[in-house]
Visitor: 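Below: one structure in structure tokens.
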Amino acid sequence: MGGLSALALALSGFLSEEDFVELAIQNPISSDALVWMLRLDVTALLSTIIEPQTLTEYTHSAIEALSLDLSVYSEEADLDSADSLSVFLGNHIGGEVSGVALVLVDINKALGFEAINLDVKSEASALDHGRSHWCILISVWNNDTAIIADPRAQSYGSLWKCKLENLQNGLLAQEGRSRVVIIRSERLSY
């Protein structure tokens, strides 16, 4: 459900107080509300990691259901180097383009330290997604640091930053899941 939590937070960030009132939805949007709105199977969501392409489809459906003026697409992140990742993100996220990116990362690699320690021999590990973590890239700062909004912040905070080298490593560690889900506003001005 981490992908839906990231999606709910991202969509909430694009809405004004007036939008929430007009749409008659809670502020912020919850992942539970998205599950209900999109008629998803909670059991399936809890037992597997949402893949980037699936989250893109959920995002399309949520945008359509809420009649939001947003676009969504997924794209393979340029992970050749931290510099190429910075250019890629600069073209897709931040205030100049009114966009954010939902990314699935190895949280330990992205943070640069071991925040999640998984006991693979424990009974609970069967339902645990380990170090895989969905979060929202909202901006790149100084061409070397990603600013991240986190829907399930633990000890590192709801807004945090990481070096692009760490983010690159966190994306590379996801074994073929380097597609990012881009959400952009279609509004010309705010």
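None of the values given here were measured: they were computed from a predicted structure.
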Visitor: Provide the full list of ring pair (Phe, Tyr, Trp, His ring centres under 6.0 Å) pairs with a residue in residues 23-62, sequence neighbours left out, each pair given once.
Guide: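 Listed by first then second residue: nothing to list.
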
Visitor: Please list, chain by chain and in numerical order, all residues satisfying side chain to side chain contact (heavy atoms under 4.5 Å, CB included) with Ser74, sequence neighbours excluded.
Guide: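 Testing Ser74 for side chain to side chain contact (heavy atoms under 4.5 Å, CB included), a comparison that skips the adjacent residues, returns Gln53, Thr56, Arg179.
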
Visitor: Among the clusters formed by ILVMFWY side chains lying less than 4.5 Å apart, do Phe88 and Tyr73 turn up in the same one?
Guide: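 Looking at the clustering, Tyr73 is in the same group as Phe88.
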
Visitor: Do Val42 and Ile29 belong together in a cluster built from hydrophobic side chains that touch within less than 4.5 Å?
Guide: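 Hydrophobic grouping puts Val42 with Ile29.
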
Visitor: Report yes or no: do Ser30 and Gln26 form a side-chain donor-acceptor pair below 3.5 Å?
Guide: yes

Visitor: For residues Trp141 and Ile138: do they belong to one hydrophobic cluster (side chain heavy atoms under 4.5 Å, members Ile, Leu, Val, Met, Phe, Trp, Tyr)?
Guide: yes

Visitor: Supply the atom-to-atom distance Leu85 CG to Asp80 CG, rounded to the nearest 0.5 angstrom.
Guide: 10.0 Å

Visitor: Can you name the closest pair of heavy atoms from Glu75 and His92 and give their distance?
Guide: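 For Glu75 versus His92, the nearest heavy atoms are OE2-NE2, 3.5 Å.
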
Visitor: Answer yes if Val87 and Val97 sit in the same cluster of Ile, Leu, Val, Met, Phe, Trp and Tyr residues linked by side chain heavy atoms under 4.5 Å apart, and no otherwise.
Guide: no

Visitor: Could you tell me which residues satisfy ring pair (Phe, Tyr, Trp, His ring centres under 6.0 Å) with Phe20, sequence neighbours excluded, listed by chain and number?
Guide: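 For Phe20, no residue satisfies ring pair (Phe, Tyr, Trp, His ring centres under 6.0 Å) once neighbours in sequence are set aside.
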
Visitor: Does any donor atom in the side chain of Ser86 or Asp83 lie under 3.5 Å from an acceptor atom in the other side chain?
Guide: no

Visitor: Can you list everything that forms a side chain to side chain contact (heavy atoms under 4.5 Å, CB included) with Leu9? Sequence neighbours excluded, please.
Guide: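 By the side chain to side chain contact (heavy atoms under 4.5 Å, CB included) rule, Leu9 matches Ile136, Ala149, Pro151.
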
Visitor: Who are the side chain to side chain contact (heavy atoms under 4.5 Å, CB included) partners of Lys163, not counting sequence neighbours?
Guide: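 Lys163: side chain to side chain contact (heavy atoms under 4.5 Å, CB included) contacts with Asp144, Thr145, Glu165, Asn166.
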
Visitor: Going by heavy atoms in the side chains, are Leu66 and Met37 under 4.5 Å from each other?
Guide: yes

Visitor: Which residues pass the side chain to side chain contact (heavy atoms under 4.5 Å, CB included) test with Ser31, not counting sequence neighbours?
Guide: Met1, Leu4, Ser5, Arg152

